[in-house]
Every structure is written in C-alpha cells, then in structure tokens.
Amino acid sequence: MRIAIATTGAGRVVFLDPERGERREVPAADAAAEIRRLEAEHAPRWVWRDTREWAPRLLASGVRVARAHDLRLCGAILAASTAVPAPPAGVAHDRPDWLPPGPAEAGAGVVPAPVASVDRGPALFDLDPIRAAPTHESESAEALVDEHDRQLALVAGSERPAALRLLLAAESAGALIAAELHEAGLPWRRVVHERVLEAALGPRPGVGRKPERMEALAVRIRAALDAPELRVDSQSDLLRALRAAGIGVDSTAKWELHEHEHPAMEPLLEYKRLARLLTANGWAWLDEWVAGDRFRADYVAGGTATGRWATAGGGALQLPKAIRAAVAADPGWTLVVADAAQLEPRVLAALARDGAMAEAGRGRDMYRAIVDAGVVATREEAKLALLGAMYGSTTGDSGRLVPQLARAYPRAMALVDRAARDGEAGRRVTTLLGRSSPLPPASWHEIQAAASQPDATAAVERRARSAARDWGRFTRNFVVQGTAAEWALCWLAGVRTRLTAIRGADTPAAASGGVFDRAPHLVYFLHDELIVHSPVEHADAAADAVRDAAAEAGRLLFGDAPVEFPLELAVTADYSSA
DNA sequence: CGGCGCGGCGCC
DNA sequence: AAAGGGCGCCGCGCCG
C-alpha cells in the first residue's frame, strides 16, 4: 500500500491513496497525527517528493514511519542508470521539472533545494511562509502519484528490475535514516572533548588568540628557521622560510616535511597537528555542533556520485580518532560499534565472481589470506596491492604490486580494468544494483575532441590522455565503492528495521528523549561502519540485529555467492575503545 | 567586503 | 619515494 502526501498552498496536507481512490485533506497542524494513525493502521509506503521536507518535522512530532519512496533521490538514480536504457512505450524518461535534482547532481539545478523546509523547523506542521505559495504540480498529490508510477514503470521495464527495486528502497530508507540520525544525535560528552583539547592545546584561549602550546611551538619554529617574522599559518610564507633555511621542499605537506632532518621539523609537524585539531574540532566546533551532549550532524543521503553519503556541516564523516573518546553512551546505555572489515575488496571479489579472491575473503582477514595464498609477501603488500587495483595505481609500491594481484585474481582485475576502460572512453559504468556514474563534464569531451584533431600537438594529446586516465580511475573505483555503498545501505536499513522491534517498557530514558528515548537506535553511519546507542539490557539483541542485517545484506546483493562480510563489532561505553 | 580556488589534512 | 578513488572543512590569498 502506498500513500502520497503533499502540502497545499492553503496550509493543508493532502493524503492520496490511489489504489483505493481515497483522498483526504487535513490542516497542516494535524498532519503528523494523521500520519501516525495511518502508519499504525496500514504501514504504507509513503510517497513524497523529498524526505527532507517531511521526516525532520515528523520526528520532532514524535512520529516515525517505516517505509518511504523518495521521488527526488529515486528519480536521480533512474535518470542516470544504464539499466534503464529506453523507457517502455508511453513512459517518459525525463523527470518532471518540479522534481529537484539529486544531491550528487552538481549543476543540474532545475528547482533549488527546498531550503526553508530543510531547516529544522518547529515541531508541528505550521504553515511555512516559504511554502505558502507553491507552484502548481509540485504540490499536487496526484502529480506525485503520476511520478511514482513513472518511476515504477522505468524499473519494471529495465534490465534489472529486482536490483533497482532494492536500490530505490535502500536509498529511500537511507534518507529516512539520515533524518533519524540527526534527530537522535550522536552522544557526545563535552567534558571529555574539552579534556582532550586541553591536554593537547592547553587552556582555551581568548577570542582572537592562539592556544599557548601553539604559540610556544611557533616561537621555536621561527628560531629554528631564523625567520623572526614568520606567520606559521601562511602556507606561502612557510614555504619561503623553509627554502630560505636551505630545506629543499616543494610543499609544506607533512609527508614531505618528514623527509627532512632539521631542528624546525619536530615543532612544525606538531604545530600542524595542533592547528588541525583546533580548527577542525576545537572549542568553536564544540560550541557550534554539540548541544545537550549530542552532536547533530546534517547527513546528506546519496550525497556523492557513488552513493556514499556526505555531510553538510560538522564534518561528521571526518571525526578524528583523537576525539572519539567523547562519543560515549548515556548512563544505563551502551554503544554497539560495528564496521564491515575490508568491505571493498570483498565486494570486488563477489562482484567479479572471482572464486580465488572470494576464497581469500572467506576468513576474517582477507589481506592475511592473500599472503597465505602466496600472492604477495606481507600483509601490508596485500593491502597496498588491493587498494592499487581498486584505485588505479600505476606507480610506486602500490602500482608495482598490482600485476602480482592480477595474476592471482584475473577476474577481479578484469572487472576493474573494464570499468577503467569504459571511463576512459567517456562511457558510464554501473554498480551491481544499477547506480550509474555521471558522464564526464563538457570540458573533458572538449579536450578529447581537441586531441583527436589531425593537427593536435603532443601537449594536447598528453593532456587528453591524462584526463582520460583520471576519469578511468574514477569509474574503476566507482563500481567497487558504489556497490560497497549499496551493501552498506542495505545493512543500515536492515539494522533499522530490526531495532524497531526491540524495546522494553522499563528501559531508562536517554538524555535525548523523544522518539528514541527507550529503544536502541542508530546514531552514526560512516560508509562501512555504524553505531547503535542501546539500553544496556538490549545491547545483545542490538548486536544480533547488526550481525543479522549484515548477513542479510550479503544475501540481498550477492545471493549465495561464496563471499562473507564479517563485522568487527564491539559493545562499549565509548567509541575510542571500539 | 564576499566569493572562490587551492593547499593541506581528517575520515572511509 | 610520495603515488591513486570518494568526500568536507579550514585558513590563506587572490580577485572583483
């Protein structure tokens, strides 16, 4: 059963059940209650234009829904997918104008993202002034149903309907989960974070001042470089000062600084480490992003070309290991921290149906198994070789090891090589479930065209080959990273579904309150890793849910293919000890 | 003054 | 020795 919902210009919300021919309008202020009622009664798939317009306010009103179809995200997938080569007769291939572009479709803006409704507004469905004057079709529940039908027809007429159906369901579930992660927040102990900062940087400085540890290091750096006026934060000043001191560096990158013996190096590297901590996750970050012992990130589901998520502030996907001790469970609660070990190489083995590589992926440590199979000499080499194969390394240690890997695992290598060749030729490549890569930009095609002219200079040809290879490395990685993202989305969605079944009436309330106050729930997702915040007495059940969902994700994507996706899983009070 | 590209670096 | 995918964010420095 499906129900489409849309807001009208008159501050009302329309509910349309096209199969039963039921159409209902309620005042916006009553919408959450109506959705709660229909959810309890029918558990429909909610069809809406954009999950970001609905889920945050529903959650704030204490309402969760199980399933949705996000027309914006699904429309973006279908628009690009090579599995949808030609729509069936009578079905339009193009999305309607009113449907906003997907988050990863840079520059495709037809309709700007609905900024006003993305804002975490008041808990109830107040009449939103920005949306009070809607454009015709975009606010019509009938138009949503038509668009949903169009998308379903594209799926049904595609080369891989089952795969696309799974992908669209997973993508839509991801959008719901992104909103729920924000609502729940990641448990964050401000005092722990402050302890980390003070241990590294010294006491919090006044506004406009540097932490004293950094000031002291800057004094030492200036002395060592004999540059009393040096502003250490200025990359260009620093590079000049280093060269004036006779240090032959071409950049101020730390890997390059590591190459040189000089009294300035130790304080300089330490300064850079502290500067990074201060600017990325210092006191200002705490003030901006942590409130009520919760870090509320803005996740962008489907935010990257490969289907991985992005974030739009707070840097939730780059939490440095140094501050993860601040991620700690509430009293009476615990964290279930799980990550899929070596996900991408396992996905590659399954995707390519490479029996030998799948065999190496049977155990917990795939890299070790590759060494044991005699392919390379050390675990570190196995890792470098695999990364090199997936990323397209041609030089250095990694590139040197790739041929050995190719001999042992020809099918896996052939899959990524094929993806690279497709990209170099300007073709799309496609993941297991049907997400396709974008086409290269017009400038890329122009370079290729220029190089194919009879009078093309060697420089132009070189530039074109380089651009082609760059795009080939992107598409080479796309199939693996994108399919791994699909596995992770299925895992995440499976965890969510299972967790909603776990709850206990006498569970202590978490500090967050609201819809998650007594049940284990997801609080973090990072590509191949997730965290569940769980009442202690439900931790075992939550851990089982996480494991079961991983096994199910493997079956959903790869059926009975002989590949395993083992988890590293810890039930722990804080993230740093996972 | 704000916008933007870039170097640098954190995460996967 | 410093390569090779996907991101976001910061400060700097340049530009209009």
Side-chain angles (χ1 to χ4, degrees), chain A residues 103-104 106 210 214 231-240 249-260 268-269 271-282 284-285 288-289 297-324 339-345 347-348 383-402 416 419-420 423 429 431 435 437-438 466 469-485 487-488 524-530 568 575:
Chain A
K210 282 266 164 56
M214 288 176 65
R231 299 170 302 157
V232 185
D233 293 321
S234 164
Q235 194 262 143
S236 57
D237 281 15
L238 182 58
L239 188 58
R240 249 193 314 273
V249 287
D250 292 318
S251 77
T252 64
K254 71 177 177 186
W255 64 261
E256 193 167 358
L257 298 178
H258 271 295
E259 300 301 293
H260 297 268
L268 180 53
L269 288 165
Y271 182 94
K272 288 165 79 75
R273 187 180 72 83
L274 296 183
R276 170 76 194 183
L277 177 64
L278 175 70
T279 58
N281 296 99
W285 181 91
E288 185 174 356
W289 290 101
D298 284 315
Y299 292 94
V300 184
T304 77
T306 61
R308 276 187 175 181
W309 289 10
T311 52
L317 305 185
Q318 301 117 258
L319 292 180
K321 298 214 158 100
I323 60 166
R324 292 185 178 185
D339 77 275
Q342 302 152 356
L343 176 61
E344 292 193 354
V347 161
L348 173 56
K383 185 174 177 174
L384 276 175
L386 264 174
L387 293 178
M390 293 187 299
Y391 293 168
S393 302
T394 52
T395 59
D397 284 347
S398 180
R400 182 171 54 74
L401 292 162
V402 169
V416 288
V429 297
T431 61
R435 190 190 305 265
S437 61
S466 165
R469 276 195 303 266
D470 286 349
W471 198 261
R473 278 193 303 278
F474 165 56
T475 53
R476 169 190 295 270
N477 184 251
F478 183 96
V479 291
V480 179
Q481 186 185 123
T483 304
W487 182 92
Y524 192 57
F525 176 53
L526 177 57
H527 308 317
D528 59 1
E529 179 172 353
L530 59 80
E568 301 282 345
Y575 190 18

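Order of the sequence lines fixes the chain letters, A, B, ..., with proteins taken first and strands second; residue numbering starts at 1 for each chain. Please read all numbers here as calculations on a predicted model, not as lab measurements.
Remark: Q342(A) pairs with R346(A), D365(A) by the side chain to side chain donor-acceptor pair (under 3.5 Å) rule, at least two apart or across chains. Evaluation of the side-chain contact (heavy atoms from CB on, under 4.5 Å) rule for A322(A) yields no partner, not counting sequence neighbours. Contacts of T311(A) classified as side chain to side chain donor-acceptor pair (under 3.5 Å), with partners at least two apart in sequence or in another chain: none. Every residue meeting the side-chain contact (heavy atoms from CB on, under 4.5 Å) condition with R276(A), not counting sequence neighbours, appears here in chain and number order: A280(A).
One N or O on the side chain of W285(A) and one on the backbone of G314(A) form a donor-acceptor pair closer than 3.5 Å.
One atom, CG of L319(A), and another, P of dC9(C), lie 12 Å apart when rounded to the nearest Å. Atom P of nucleotide dA2(C) and atom CD of E256(A) are separated by 9 Å, given to the nearest angstrom. One atom, CG of L387(A), and another, P of dG4(C), lie 14 Å apart when rounded to the nearest Å. R476(A) places its CZ atom 14 Å from the C1' atom of dA3(C), with the value rounded to the nearest Å. Computed from coordinates, the H260(A) NE2 to dA2(C) P distance equals 11 Å when rounded to whole Å. The interatomic distance linking D298(A) (CG) with dC9(C) (C1') rounds to 14 Å, in whole Å. Rounded to whole angstrom, the span from the CG atom of L238(A) across to the P atom of dG13(C) amounts to 11 Å. Between L239(A) atom CG and dG13(C) atom C1' there is a gap of 14 Å when expressed in whole angstrom units.
The residue E344(A) sits apart from the nucleic acid: no heavy atom pair falls under 4.0 Å. Across all strands shown, R469(A) has no heavy atoms under 4.0 Å from either base or sugar-phosphate atoms. A275(A) comes within 4.0 angstrom of no nucleic acid atom, judged by non-hydrogen atoms across all strands. Residue-level contact check: D397(A) touches the bases, meaning some heavy atom is under 4.0 Å from a base atom. Note on Q235(A): only backbone sugar-phosphate atoms sit closer than 4.0 angstrom, heavy atoms only; bases stay farther off. Among the protein residues, R276(A) comes within range of the nucleic acid bases, having at least one heavy atom under 4.0 Å from a base atom. Contact annotation for R231(A): backbone-only contact, meaning every heavy-atom pair under 4.0 Å involves sugar-phosphate atoms and none involves a base.
For T394(A) and dG4(C), the shortest distance from a side-chain N or O to OP1 or OP2 is below 4.0 Å. Between T311(A) and dG8(C) there is no side-chain N or O to OP1 or OP2 distance below 4.0 Å.
Within the 4.5 Å cutoff, side-chain heavy atoms of V232(A) are placed close to those of L268(A). Contact of the D233(A) side chain with the R231(A) side chain is not registered, since no non-hydrogen atoms from C-beta on lie closer than 4.5 Å. Residues T431(A) and F478(A) have side chains in contact (heavy-atom distance under 4.5 Å, counting atoms from C-beta outward).
By the stacking rule of 5.5 Å between ring centres and under 30° between planes, Y391(A) stacks on the base of dG5(C).
Side-chain proximity of D233(A) to dG4(C), dG6(C), dG11(C): nearest is dG11(C). In this structure, the nucleotide among dC12(C), dG11(C), dG8(C) sitting nearest to the side chain of A310(A) is dG8(C).
One N or O donor and one acceptor, one from the side chain of E259(A) and one from the base of dA2(C), sit under 3.5 Å apart.
In terms of position on DNA chain C, the residue among T395(A) and H527(A) whose nearest nucleotide sits closer to the 5' end is T395(A).
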E256(A) and K272(A): CA distance, side-chain angles, deciding distance, salt bridge (charged side-chain N to carboxylate O under 4.0 Å, His left out) verdict: CA-CA 13 Å; E256(A) 193 167 358; K272(A) 288 165 79 75; over 6 Å; no
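In plain terms, the two heavy atoms of W309(A) and L317(A) that are nearest each other are O-CD1, 3.5 Å. For the pair G423(A) and W471(A), the tightest heavy-atom approach, listed with the atom from each and the gap, is O-CD1, 3.3 Å.
When DNA chain B is scanned 5' to 3' for any atom under 4.0 Å from a heavy atom of chain A, the first and last hits are dG7(B) to dC12(B).
Comparing the P positions of dG5(B) and dG4(C) gives an interatomic distance of 24 Å, to the nearest angstrom.
For DNA chain C, the residues of residues 301-308 of chain A within the heavy-atom distance limit of 4.0 Å (strictly under) are T304(A), A305(A), R308(A), sorted by number.
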